[in-house]
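To keep things clear, I will list the structure first and then write my remarks on it.
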Amino acid sequence: MDELLLFKLAPGETLTQGFQSLDELKLTMLFPVNILGRGFTYYYEEWVKNIQIGSESIKATIQGNENYTTQVLQKGNEVYGNCNCPFDGKCKHLAALVIYVMHDMKS
């Protein structure tokens with residue numbers, strides 16, 4: 001599970017605040033469009049399960065052909081993501097988690 005840089009936080013910004021500042025346009029800079037589209041499908045189909053939100057980490061199970069463990073971690077002012085699926089890079093599971101958290105933190 002390689003950790004992939006997702007985005008950077010402003011000085012003093014928390015992980016929650018970082019997600020609150022995201023929108024659909026910013027997501028297009030974080031993920032390739034085809035991956036992002038599939039992530040939205042997973043989000044809208046409610047395949048993001050068992051979400052555990054901590055102050056510096058967010059973890060979930062994403063349903064698909066198999067269940068994959070996906071997480072987001074804050075390290076200093078950088079936010080990283082990883083997934084245990086076989087895809088090499090930012091995957092649809094990670095996109096689905098980011099989309100879920102972005103929407104959940106705004107409500």
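Side-chain contact check for Ser21 versus Lys26: some heavy-atom pair is nearer than 4.5 Å. Using a 4.5 Å heavy-atom threshold, the side chains of Phe87 and Ile35 count as touching. The side-chain heavy atoms of Val72 and Leu6, taken from C-beta on, include a pair separated by under 4.5 Å. Between Thr28 and Leu36, the closest side-chain pair of non-hydrogen atoms falls below 4.5 Å. Side-chain contact between Gln71 and Ile58: absent, with no pair of heavy atoms (C-beta onward) separated by less than 4.5 Å. Ile99 is listed as a side-chain neighbour of Phe40, based on a closest heavy-atom distance under 4.5 Å. Using a 4.5 Å cut-off on side-chain heavy atoms (C-beta onward), Leu94 and Phe31 make contact.
Atoms CZ and NE2, on Arg38 and His93 in that order, are 8.0 Å from each other to the nearest 0.5 Å. In this structure, the separation between CG on Asn82 and CG on Leu97 is 10.0 Å, given to the nearest 0.5 Å. Atoms CG and CD, from Asn50 and Gln63 in turn, are 8.5 Å apart once rounded to the nearest 0.5 Å. The structure places CG of Leu73 at 9.0 Å from CG of Leu15, a figure rounded to the nearest 0.5 Å.
Counting only N and O atoms by type, the side chains of Glu78 and Tyr80 include a donor and acceptor under 3.5 Å apart.
Here the options are Asn67, Ile62, Thr69, the test is side chain to side chain contact (heavy atoms under 4.5 Å, CB included), and the partner is Asn84; only Thr69 passes.
When hydrophobic clusters are built by joining Ile, Leu, Val, Met, Phe, Trp and Tyr residues whose side-chain heavy atoms come closer than 4.5 Å, directly or via intermediates, Trp47 is grouped together with Ile51. With hydrophobic clusters built from ILVMFWY side chains whose heavy atoms lie under 4.5 angstrom apart, Met102 shares a cluster with Tyr44.
Between Glu56 and Lys75, no side-chain nitrogen of the basic residue sits less than 4.0 Å from a carboxylate oxygen of the acidic one, so the salt-bridge criterion is not met.
For Tyr43 and His103, the ring centers sit closer than 6.0 Å to each other.
Put simply, the side chain of Ser57 never gets that close to the backbone of Ile53: no donor and acceptor are under 3.5 Å apart. Looking at Gln74, its side chain does come within 3.5 Å of a backbone N or O of Gly76 through a donor-acceptor pair. Judged by distance alone, the side chain of Lys49 and the main-chain N or O of Glu46 form a donor-acceptor pair under 3.5 Å.
Summarising the geometry of Gly39 relative to Ala95, their closest heavy-atom pair is CA-CB, 4.0 Å, with the distance given to 0.1 Å.
Taking Leu30 as the reference, Phe7, Leu22, Leu27 meet the side-chain contact (heavy atoms from CB on, under 4.5 Å) condition, with sequence neighbours excluded.
Within 6.0 Å of CG in Asn34 there are more than 12 heavy atoms belonging to other residues, nucleotides or ligands.
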